[in-house]
Amino acid sequence: MQGVQEQIEELQTKLAFQELTVEELNQEVIKLNQLIGHQQQQIQLLIGKLKAMEPSNIATQAEETPPPHY
């Protein structure tokens, strides 16, 4: 009977540890989701700013005339 009681106590200890680990991991997932949400907002802000910028005065490769030696 003593061996069964020790096994039960060991299982209870392992279960408590696993519950603590799951809760810690859950908190980390919550933090990471918040961080991702914040980063997505920042990316959208940057996209908006880039779209609002005036085009550059530098010609593209296709618009550039070739140098005289061609």
Side-chain angles (χ1 to χ4, degrees):
M1 201 60 166
Q2 181 70 13
V4 173
Q5 184 64 30
E6 287 175 3
Q7 289 177 346
I8 291 173
E9 288 175 6
E10 183 180 342
L11 288 173
Q12 288 173 335
T13 302
K14 287 181 179 180
L15 178 61
F17 178 74
Q18 287 177 347
E19 287 174 344
L20 177 63
T21 302
V22 167
E23 182 57 32
E24 289 173 348
L25 290 171
N26 187 46
Q27 292 303 315
E28 286 299 314
V29 168
I30 290 169
K31 287 180 194 176
L32 290 173
N33 279 335
Q34 291 172 344
L35 178 62
I36 289 170
H38 179 69
Q39 289 175 337
Q40 286 175 333
Q41 289 174 345
Q42 289 178 325
I43 289 171
Q44 291 302 318
L45 179 64
L46 287 172
I47 289 171
K49 286 184 178 184
L50 286 172
K51 287 181 178 179
M53 289 176 59
E54 291 185 23
S56 173
N57 291 335
I58 299 172
T60 65
Q61 283 281 351
E63 296 170 340
E64 191 71 38
T65 55
H69 62 276
Y70 278 112

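Numbering of residues begins at 1 and proceeds along the displayed sequence. Excluded from the calculations below are hydrogen atoms, water molecules and symmetry mates; all remaining heavy atoms, backbone and side chain alike, are included.
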Discussion item. Show, in sequence, the C-alpha distance, side-chain angles and deciding distance for Leu45 and Gln41, and conclude whether the side chain to side chain contact (heavy atoms under 4.5 Å, CB included) test is met.
Written reply: CA-CA 6 Å; Leu45 179 64; Gln41 289 174 345; over 6 Å; no
Worksheet item: Can you find a heavy atom in the side chain of Glu19 that is under 4.5 Å from one in the side chain of Val22?
Response: no
Discussion item. Starting from Leu11 and following side-chain heavy-atom contacts under 4.5 Å between hydrophobic residues (I, L, V, M, F, W, Y), which residues can be reached?
Written reply: none
Item to complete: Report the residues that fulfil salt bridge (Lys or Arg N to Asp or Glu O under 4.0 Å) with Lys14, sequence neighbours left out, ordered by chain and then residue number.
Response: Glu10
Discussion item. Under the rule for salt bridge (Lys or Arg N to Asp or Glu O under 4.0 Å), what residues qualify as partners of Lys49, not counting sequence neighbours?
Written reply: none
Worksheet item: Excluding sequence neighbours, so at least two apart, what forms side-chain contact (heavy atoms from CB on, under 4.5 Å) with Thr13?
Response: none
Discussion item. According to side-chain contact (heavy atoms from CB on, under 4.5 Å), who are the partners of Gln42, at least two apart in sequence or on a separate chain?
Written reply: His38, Gln39
Discussion item. Within this structure, what is the CG-CG distance for the pair Leu25 and Leu32, rounded to the nearest 0.5 Å?
Written reply: 10.5 Å
Worksheet item: Listed by chain and number, what are the salt bridge (Lys or Arg N to Asp or Glu O under 4.0 Å) partners of Glu23, not counting sequence neighbours?
Response: none
Worksheet entry | Spacing of CD belonging to Gln7 relative to CD belonging to Glu9, to within rounding of 0.5 Å | 11.0 Å
Practice prompt. Give, for atom CD of Gln40 and atom CD1 of Ile36, the distance between the pair rounded to the nearest 0.5 Å.
Written response: 7.0 Å
